[in-house]
Amino acid sequence: MIKVTLKDGSVKEFESGITAMEVAKNLGMGLFKVACACRINGEVKDLRTVINDDCELEILTFDDDEGKNAFRHTASHILAQAVKRLYPKAKLAIGPSIENGFYYDFDVDVAFTPDVLEKIEAEMRKIVKEKLVLERFELDADEAIDKMEELGEDYKIELINEHSGKGEKISFYRQGEFIELCAGPHIPDTSRVKAFKLTSSTGAYWRGDSKNKMLQRIYATAFTKKDAMEEYLAAVEEAKKRDHNIIGRQLKYFMTSDIVGQGLPHLMPKGAKLFQILNRYVQDIEENEYGFEFTRTPLMAKSDLYKISGHWEHYKDGMFVMGDENSGEDVFALRPMTCPFQYQIYLNEMRSYRDLPIRYAETSTLFRNESSGEMHGLIRVRQFTISEGHIIITPEQLKDEFRKCIDLIQRMMTDTGLIGDISYRLSKWDPEDTEKYIGIPEMWNESEGLMREILDDIELDYEEAVGEAAFYGPKLDFQIKNVHGKEDTLCTVQIDLMLARQFEMTYIAPDGTKQYPYIIHRTSIGCYERTMALLIEKYAGAMPLWLSPEQIRILPISDKHLEMAKQIKTKLSQKGLRVKIDERSEKIGYKIREAQLEKLPYMLLVGDKEIAQSTVSVRKRGEGDIGAMGVDDFCELAKKQDDEKVIF
RNA sequence: GCUACUGUGGCUCAGCUGGUAGAGCAGCGCAUUCGUAAUGCGCAGGCCGUCGGUUCAAAUCCGACCAGUAGCUCCA
């Protein structure tokens with residue numbers, strides 16, 4: 001007999017050799033029916049795992065992340081089985097569970113068009129009905145390869161070959177006629193996959209490498225209950241309605257033009273106003289509260305500059321280069337970043353340790369020749385403007401300055417309301433990738449170590465990511481997801497121990513020696529276009545008052561009330577509020593409807609009643625008619641909400 | 001750059017298997033001067049993304065290019 005300690009701390013005795021699945025059944029059929037996997041002594045295992053010794057056991061269900069993974073991974077096997085039944089020549093690659101679902105990659109001749117997906121779904125439903133039991137078995141590596149060769153599964157052979165060195169057995173799962181190389185865990189049988197949907201198909205490179213063949217990927221999701229899935233799918237559809245690329249155009253924040261080119265958005269008056277609001281806000285805070293000085297440097301430079309910085313070697317493909325290198329004349333390139341330009345200002349005179357830190361900021365327009373498939377609305381573009389800055393410091397000043405950079409960003413994310421959507425990423429180099437990174441391992445270890453120290457010090461919750469660093473140093477990236485769930489960097493703070501050397505930037509230390517400074521590269525509010533996109537998505541176009549291009553619209557009931565409307569507008573405008581009057585001879589209902597569709601924070605109705613009482617009737621976004629108010633009272637209220645950056 | 005899909009008046013969309021375009025909203029004109037999400041009537045507006053091919057005939061079929069969407073790769 002063995003002792004099994006359960007999640008609630010209770011201990012039960014079982015015959016040695018019992019499986020986790022049988023334990024679950026013993027605990028109750030209800031639990032057994034929803035069991036997806038288990039955790040034995042802290043390790044996630046398959047329910048078929050045989051238990052021979054005393055242990056701690058937790059039965060995992062769809063409500064646990066690991067249970068969800070097992071469930072959806074089984075659904076991906078069902079998908080693969082269906083594809084194999086319909087297209088026997090299809091070769092299987094991989095099919096993991098992912099956040100909110102799973103995918104499977106196939107090498108197959110047919111295009112997975114929507115009607116093909118429907119056929120596959122129908123076949124999957126059959127497999128679910130067949131209630132196929134999943135069985136696990138193991139083979140030696142060479143047997144496993146023989147088996148996969150027999151089935152023509154070239155990609156699986158590649159995977160087995162990589163594993164075979166470890167001398168471990170290779171595990172497989174079988175369901176009906178279908179056999180799949182897989183580590184598991186899996187749920188007991190296919191009948192439990194009650195609700196699933198193939199959501200899209202797309203291309204994806206084998207092993208994520210663009211040098212490899214492009215396979216066809218099917219994205220899908222699966223749930224234990226149909227209504228849970230419907231709810232999820234509806235939420236996805238709902239999120240798409242916030243897409244800045246749609247409502248940003250509808251609400252006339254920006255547009256694009258075929259004739260101008262890809263990735264070159266035009267900010268329309270509303271977009272330009274939002275840009276201006278953010279830019280003034282950023283510049284005021286940086287200058288007045290964080291000690292930055294503003295520079296204004298050229299938008300292009302000779303190739304020589306980029307050769308020193310390393311950009312020419314590492315990122316030439318990403319730059320817009322003008323002129324012919326072989327002509328003997330100077331070749332220029334539009335700047336893809338601001339660093340070397342601000343460094344020139346530093347280099348313009350002899351610097352002392354007493355001068356440091358030097359904090360340069362710039363509202364900096366950059367140009368990057370992104371590949372054609374990369375552009376997306378305002379999030380990924382070829383010309384954009386960034387709240388750029390470089391802080392040149394002595395090593396002792398690093399921690400303090402770095403923390404202040406984080407503080408500044410967090411302040412701006414708080415004011416804009418984005419703070420809750422941010423996650424933090426420590427982006428490290430990849431020692432294997434000698435192409436991408438400059439410098440020696442010692443310097444990378446030092447800079448990454450310093451950053452980790454700072455982050456741990458302020459107890460920031462962050463993830464580490466290999467191969468995401470800048471070519472000159474590690475980054476703290478402020479990550480955010482768009483409505484499609486795709487993550488992008490919104491803001492960044494980077495430690496650079498390399499470029500000062502490349503540019504021969506020095507300062508005179510107290511002992512009279514020349515030293516290389518450290519450099520912090522940072523954004524504050526990030527790239528304006530991208531930040532605006534995320535704001536539009538967060539608020540579905542209904543901008544917080546302080547960010548609204550038009551904060552208040554005055555709606556005269558009829559033409560005879562226009563004069564009073566103008567007087568009120570003057571009063572509000574003098575307080576710095578952004579006000580317009582709807583002067584058209586339209587019915588009041590019509591004017592309200594339009595202002596409502598434009599998602600304006602406030603509407604003020606002015607008619608006979610209001611004029612008689614010196615009031616305005618206020619309509620507030622989200623609340624509707626909130627009644628009449630004295631003009632001065634409203635003015636004070638709006639001004640206060642604007643100053644305090646109240647979000648409603 | 002790669003895979004798939006898409007491209008019809010300012011916007012949203014219709015136009016079956018090829019016979020050369022239609023609606024609603026928006027716009028303009030006239031009337032209406034109006035009380036919390038659409039007043040009525042009328043008018044105008046389209047080289048059907050671009051170029052080329054097939055055909056007696058192309059918005060419809062084919063090709064290339066341009067642009068858009070999602071994903072992959074990339075993202076200094």
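Here is how names work: the chains are called A, B, and so on, in the same order as the sequence lines, proteins then strands, and each is numbered from 1. What you see below is based on every heavy atom in this structure, not just the backbone, and it leaves out hydrogens, waters and symmetry mates.
In this structure, D107(A) does not pair ionically with K91(A), as no charged nitrogen and carboxylate oxygen lie closer than 4.0 Å. A salt bridge does not link R501(A) with E504(A): none of the charged nitrogens is closer than 4.0 Å to a carboxylate oxygen.
With sequence neighbours excluded, no residue forms a ring-ring contact (aromatic ring centres under 6.0 Å, His included) with Y87(A). Every residue meeting the ring-ring contact (aromatic ring centres under 6.0 Å, His included) condition with Y437(A), not counting sequence neighbours, appears here in chain and number order: W444(A). Checked against side-chain contact (heavy atoms from CB on, under 4.5 Å), P96(A) has the following partners two or more places apart in sequence or in another chain: I94(A), Y103(A). Residues meeting the salt bridge (Lys or Arg N to Asp or Glu O under 4.0 Å) test with R584(A), sequence neighbours left out: D582(A), E594(A). In this structure, the side-chain contact (heavy atoms from CB on, under 4.5 Å) partners of E325(A), at least two apart in sequence or on a different chain, are W312(A), K316(A), V331(A). Residues meeting the ring-ring contact (aromatic ring centres under 6.0 Å, His included) test with F106(A), sequence neighbours left out: Y104(A), F112(A). Partners of E563(A) by side-chain contact (heavy atoms from CB on, under 4.5 Å), not counting sequence neighbours, listed by chain and number: K566(A), Q567(A).
For C74(B), there is no paired base (Watson-Crick or G-U wobble, both distances below 3.5 Å). Partner assigned to U54(B) is none, using Watson-Crick or G-U wobble distances below 3.5 angstrom. Pair assignment for A38(B) gives none, since no Watson-Crick or G-U wobble pairing has each distance under 3.5 Å. Checking A44(B) for Watson-Crick or G-U wobble geometry (two distances, each under 3.5 Å) identifies no partner in any strand. Nucleotide U32(B) has no partner under the Watson-Crick or G-U criteria, as no pair reaches both atom distances under 3.5 Å. Searching all strands for a Watson-Crick or G-U wobble partner of G18(B) with both distances below 3.5 Å returns nothing. Nucleotide A4(B) is matched to U69(B) when pairs are restricted to Watson-Crick or G-U wobble geometry with both distances under 3.5 angstrom. Remark: G10(B) base-pairs with C25(B). Criterion, Watson-Crick or G-U wobble with two distances under 3.5 Å.
Contacts of H521(A) with the nucleic acid, taken as non-hydrogen atoms under 4.0 Å apart, are absent. Among the heavy atoms of the strands lying under 4.0 Å from D258(A) are primed sugar atoms or P, OP1, OP2 only; no base atom is included. Contact annotation for Q596(A): base contact, defined as any heavy-atom pair under 4.0 Å involving a base atom. Across all strands, S201(A) comes closer than 4.0 Å to no nucleic acid atom at all (heavy-atom distances). Base engagement by L597(A) is indicated by at least one non-hydrogen atom pair under 4.0 Å involving a base atom. Using a 4.0 Å heavy-atom cutoff across all strands shown, S617(A) reaches at least one base atom of the nucleic acid.
Atoms CD1 (I218(A)) and C1' (C5(B)) sit 15 Å apart, rounded to a whole Å. Atom pair R382(A):CZ and G68(B):P shows a separation of 9 Å (rounding to whole Å applied). One can place CD of E586(A) at 16 Å from P of A37(B), the figure rounded to the nearest angstrom. Across the protein-nucleic acid pair, I626(A) atom CD1 and U36(B) atom P stand 17 Å apart, rounded to whole Å. Atom CD of Q216(A) and atom P of C2(B) are 16 Å apart (whole Å). When rounded to the nearest whole Å, the span between CG of D582(A) and P of C34(B) equals 16 Å. Separating the CG atom of L198(A) from the C1' atom of A4(B) is a distance of 15 Å, rounded to the nearest angstrom. Here the P atom of nucleotide A37(B) and the CZ atom of R621(A) are 17 Å apart, to the nearest Å.
When each of A4(B), C34(B), A67(B) is scored by its nearest atom to the side-chain atoms of T113(A), the top-ranked nucleotide is A4(B). Of the candidates U33(B), A37(B), G1(B), the closest approach to any side-chain atom of D559(A) belongs to U33(B).
Put simply, Q262(A) has a side-chain N or O that comes within less than 4.0 Å of OP1 or OP2 on G68(B). The side chain of Y590(A) places no N or O atom within less than 4.0 Å of a non-bridging phosphate oxygen (OP1 or OP2) of C25(B). Put simply, K560(A) has a side-chain N or O that comes within less than 4.0 Å of OP1 or OP2 on C34(B).
Separating the C1' atom of G7(B) from that of A14(B) is a span of 15 Å, rounded to the nearest Å. Comparing G40(B) with U33(B), their C1' atoms are spaced 15 Å from each other, to the whole Å. As rounded to the nearest Å, G42(B) and U32(B) have C1' atoms that lie 15 Å from one another. On the C1' atoms, G53(B) is 22 Å away from A67(B), given to the nearest whole Å. Annotation: U8(B) and U50(B) have their P atoms spaced 10 Å apart (nearest Å). The same atom, C1', is picked in C56(B) and in U20(B); the two are 13 Å apart, to the nearest Å. When the P atom is compared between G9(B) and A21(B), the two are found 15 Å apart, to the nearest whole Å. G22(B) sits 16 Å from U60(B) when the C1' atoms are compared, rounded to a whole Å.
Between S558(A) and T256(A), the residue anchored nearer the 5' end of RNA chain B, judged by the nucleotide with its closest heavy atom, is S558(A).
RNA chain B is contacted by L605(A), G607(A), D608(A), K609(A), E610(A) of residues 599-612 of chain A, taking any non-hydrogen atom closer than 4.0 Å.
At least one side-chain heavy atom of I379(A) sits less than 4.5 Å from a side-chain heavy atom of H244(A). The closest side-chain heavy-atom distance from M319(A) to F367(A) is not below 4.5 Å.
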TODO: With side chain to side chain contact (heavy atoms under 4.5 Å, CB included) as the test, would you mind laying out the steps for C491(A) and M413(A) before giving the verdict?
DONE: CA-CA 10 Å; C491(A) 311; M413(A) 292 300 106; 3.9 Å; yes

TODO: Kindly indicate, with the supporting measurements, whether the criterion side chain to side chain contact (heavy atoms under 4.5 Å, CB included) is fulfilled by V631(A) and T615(A).
DONE: CA-CA 5 Å; V631(A) 178; T615(A) 59; 5.9 Å; no

Open item on the list: Protein within reach of the bases, or only the backbone? For nucleotides 71-76 of chain B, mark each nucleotide 5' to 3' as B, S or -, using heavy atoms under 4.0 Å.
Closed with: BBBBBB

